[in-house]
Amino acid sequence: STQSTWGHSECLFFFDSSPFTPLAATMPPDPSLGEVDLLGDHEAAPPIEEMDRSTYIRNYVGFCALGLINNLIFCVVLSSAESLSEDFNRHSLFPLVTWMQTAMGLLLRIINTLFGERMSYNSRFWLTGACSAAGLTSVGLARYVGNSDDAHFLFLLVGVTFIGMSCSFGEGVALGYLERFPSTLVGAWSSGTGGSGVVAALMYLGLRKIGVSNSVIYLLNLIFVLIYFICCFVVIVEPAGKSQSPALKLSLSGEDSQTADPVGVIQETEQLLMPKERPAMTWVRIKEVSRQVMWVSSQLFLVYTFEYACQTAAGFVQPCDKASDFVSQNFYVLSQFAYQIGVLVSRSSLRFVKIRHIEVLSVMQLINMALWLVAAKTLWFASTPWIDLMLVAMFYVGLLGGSCYVNGFYMVLNDDRIAASNRDFAMNLCGVFSNVGILAGTLEVLVLSLTLLSGRKCD
């Protein structure tokens, strides 16, 4: 049977005039999720049955915090890209900052997708944190390396490259790790990643307002690397029967750690967070999984291409009266904040609403991209009160992007056409496509900044 947990699989490949299917018309509510399900016919994952409620809540908080910290530093770069470039008199190249942190991140994401199963999750979480620390340190010290703005800017790009690698690689590792947990926990991860942008924009805006330099801001963010490790190795525990940590097994079984076999505990500790046995990474397996997730992957690629083109174009929608009011002075950072609010709202919506026809979101995002590119070229909206409305428009951009992200990955986790042994690979493959979309969107605006958008002057 080709039927998936989302209804008949062919429904994913056709657009109809009714993309939202009310639950009442298809099936009774799912008591394990406790929300109105707009996806239609599917078998819900049993989130509470696989672990006790306190452990489920603990993991929900853990994955939410993990997602927040994993994306936080990436979002700090997004919020500060324009300012970082201006520090070294390279404003026209500020799209290159976003592009660089995505490009190498994509490469590491592909490596994790194809070969990461050979490494323990433990090792991959450590590698993610190490990349974050290296990136933050490099950006923080960029102004002290070399004797020219070119040298400073080049070292800055090295730093944001490491930050991009940590975010992309860390997301791939976490999404793959989630297949060991109830599928509803993808909502916790998504909420965290959505909240990261809001926290990053507020933190950056507040610190800049009180006069903290970009260098100090990035060095202060090193504290989040420590918190990231705490989430990975202390807070999150696997459900029973899923190779969870020995400490959790003891607590669930009621066995006293004082009487437990220390040799057995040590042996199990050595296997902590090891990936489950997987089939060999053959061309046949790659083609099979690619075919199963192609629809979701293509939509993630499209929505991220259009989304990041909008985000980057915001740096060129600069008010001519830049010093006249707070919004004009801080438009780019505020636009990133508005975008992240939209992402937070939509990525946190999984327990209340689910969208099956995510292609509708891609089409809407394409319209948004056209609007933002026109605004960047013409500066029609670069004055009050229109500039305030552009913040609302950027909120809408984030709303669409976050909705596509959380619903797309939820579809993959609940598609029973995908074998359990391939689910980690499927999640990472979708992540690769989303990264390619980010790369395409920022590259598009980078090219436009050097051609169509170059040399613009306010009257």
Rounded to the nearest 0.5 Å, how far apart are [atom1] of [X] and [atom2] of [Y]?
{"X": "I355", "Y": "H357", "atom1": "CD1", "atom2": "NE2", "result": "11.0 Å"}
{"X": "D150", "Y": "F88", "atom1": "CG", "atom2": "CZ", "result": "11.0 Å"}
{"X": "L373", "Y": "E444", "atom1": "CG", "atom2": "CD", "result": "5.5 Å"}
{"X": "L136", "Y": "I73", "atom1": "CG", "atom2": "CD1", "result": "4.0 Å"}
{"X": "T137", "Y": "L219", "atom1": "OG1", "atom2": "CG", "result": "6.5 Å"}
{"X": "F169", "Y": "L107", "atom1": "CZ", "atom2": "CG", "result": "11.5 Å"}

Checklist entry - Could you go step by step and tell me if D149 and R90 meet the side chain to side chain contact (heavy atoms under 4.5 Å, CB included) rule? => result CA-CA 8 Å; D149 284 343; R90 296 293 182 272; 3.9 Å; yes
Considering all heavy atoms, the nearest [X]-[Y] contact:
{"X": "L78", "Y": "Q336", "answer": "O-CG, 3.9 Å"}
{"X": "G197", "Y": "C75", "answer": "CA-SG, 3.6 Å"}
{"X": "L66", "Y": "A174", "answer": "CD2-CB, 4.3 Å"}
{"X": "S335", "Y": "M394", "answer": "O-CG, 3.0 Å"}
{"X": "G164", "Y": "F74", "answer": "CA-CD1, 4.4 Å"}
{"X": "V97", "Y": "V160", "answer": "O-CG2, 3.9 Å"}

Determine whether [X] and [Y] make a side-chain contact, defined as any pair of heavy atoms from C-beta on separated by less than 4.5 Å.
{"X": "L300", "Y": "C404", "answer": "yes"}
{"X": "V76", "Y": "M203", "answer": "yes"}
{"X": "M165", "Y": "T161", "answer": "yes"}
{"X": "Q299", "Y": "L361", "answer": "no"}
{"X": "K354", "Y": "N407", "answer": "yes"}
{"X": "Y204", "Y": "S83", "answer": "yes"}
{"X": "L371", "Y": "V374", "answer": "no"}
{"X": "S290", "Y": "L429", "answer": "yes"}

Item to check | Qualifying residue for side chain to side chain donor-acceptor pair (under 3.5 Å) with T184, from Y56, Y60, Y410 | outcome: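 Answer after filtering Y56, Y60, Y410: Y56.
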Tell me whether [X] contacts the main-chain N or O of [Y] through its side chain, where contact means a donor paired with an acceptor under 3.5 Å.
{"X": "R143", "Y": "H152", "value": "no"}
{"X": "N71", "Y": "C167", "value": "no"}
{"X": "S190", "Y": "G187", "value": "no"}
{"X": "Q365", "Y": "V397", "value": "yes"}
{"X": "S349", "Y": "S346", "value": "yes"}

Next on the checklist: Please enumerate all residues that pass side-chain hydrogen bond (donor to acceptor under 3.5 Å, both in side chains) together with S79, with sequence neighbours excluded.
Outcome noted: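 Testing S79 for side-chain hydrogen bond (donor to acceptor under 3.5 Å, both in side chains), a comparison that skips the adjacent residues, returns none.
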Under the ring-ring contact (aromatic ring centres under 6.0 Å, His included) test, which residues partner [X], sequence neighbours left out?
{"X": "F425", "value": "none"}
{"X": "F155", "value": "none"}
{"X": "F162", "value": "none"}

Side chains of residues 221-232: which donor-acceptor partners sit under 3.5 Å, not counting sequence neighbours?
| residue | atom | partner | partner atom | Å |
| --- | --- | --- | --- | --- |
| N221 | ND2 | I217 | O | 2.7 |

Can you confirm whether the side chains of [X] and [Y] place a donor and an acceptor under 3.5 Å from each other?
{"X": "S120", "Y": "S123", "answer": "yes"}
{"X": "S168", "Y": "N435", "answer": "yes"}
{"X": "Y218", "Y": "S80", "answer": "yes"}

Checklist entry - Yes or no on side chain to side chain contact (heavy atoms under 4.5 Å, CB included) for I367 and F306, after CA distance, side-chain angles and deciding distance? => result CA-CA 9 Å; I367 297 172; F306 306 147; over 6 Å; no
Checklist entry - Does W189 have its ring centroid less than 6.0 Å away from the ring centroid of Y405? => result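 They do not qualify: ring centres at least 6.0 Å apart.
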Next on the checklist: side chain to side chain contact (heavy atoms under 4.5 Å, CB included) for F153 and D87? Distances and angles first, verdict last.
Outcome noted: CA-CA 9 Å; F153 190 68; D87 282 349; over 6 Å; no
Item to check | Worked verdict on R423 versus D415 for salt bridge (charged side-chain N to carboxylate O under 4.0 Å, His left out) | outcome: CA-CA 9 Å; R423 210 168 295 276; D415 192 340; over 6 Å; no
Item to check | Among L391, L202, L205, the one residue meeting side chain to side chain contact (heavy atoms under 4.5 Å, CB included) with F337 | outcome: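 Only one option passes, and that is L202.
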Next on the checklist: Between V293 and F433, is the side chain to side chain contact (heavy atoms under 4.5 Å, CB included) condition met? List the steps.
Outcome noted: CA-CA 10 Å; V293 301; F433 274 79; over 6 Å; no
Next on the checklist: Can you list everything that forms a side-chain contact (heavy atoms from CB on, under 4.5 Å) with L220? Sequence neighbours excluded, please.
Outcome noted: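 If we apply the side-chain contact (heavy atoms from CB on, under 4.5 Å) test to L220, skipping adjacent residues, the hits are V216.
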Checklist entry - Should the pair F63 and Y177 be assigned to parallel (<30°), tilted (30 to 60°) or perpendicular (>60°) ring geometry? => result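 Tilted.
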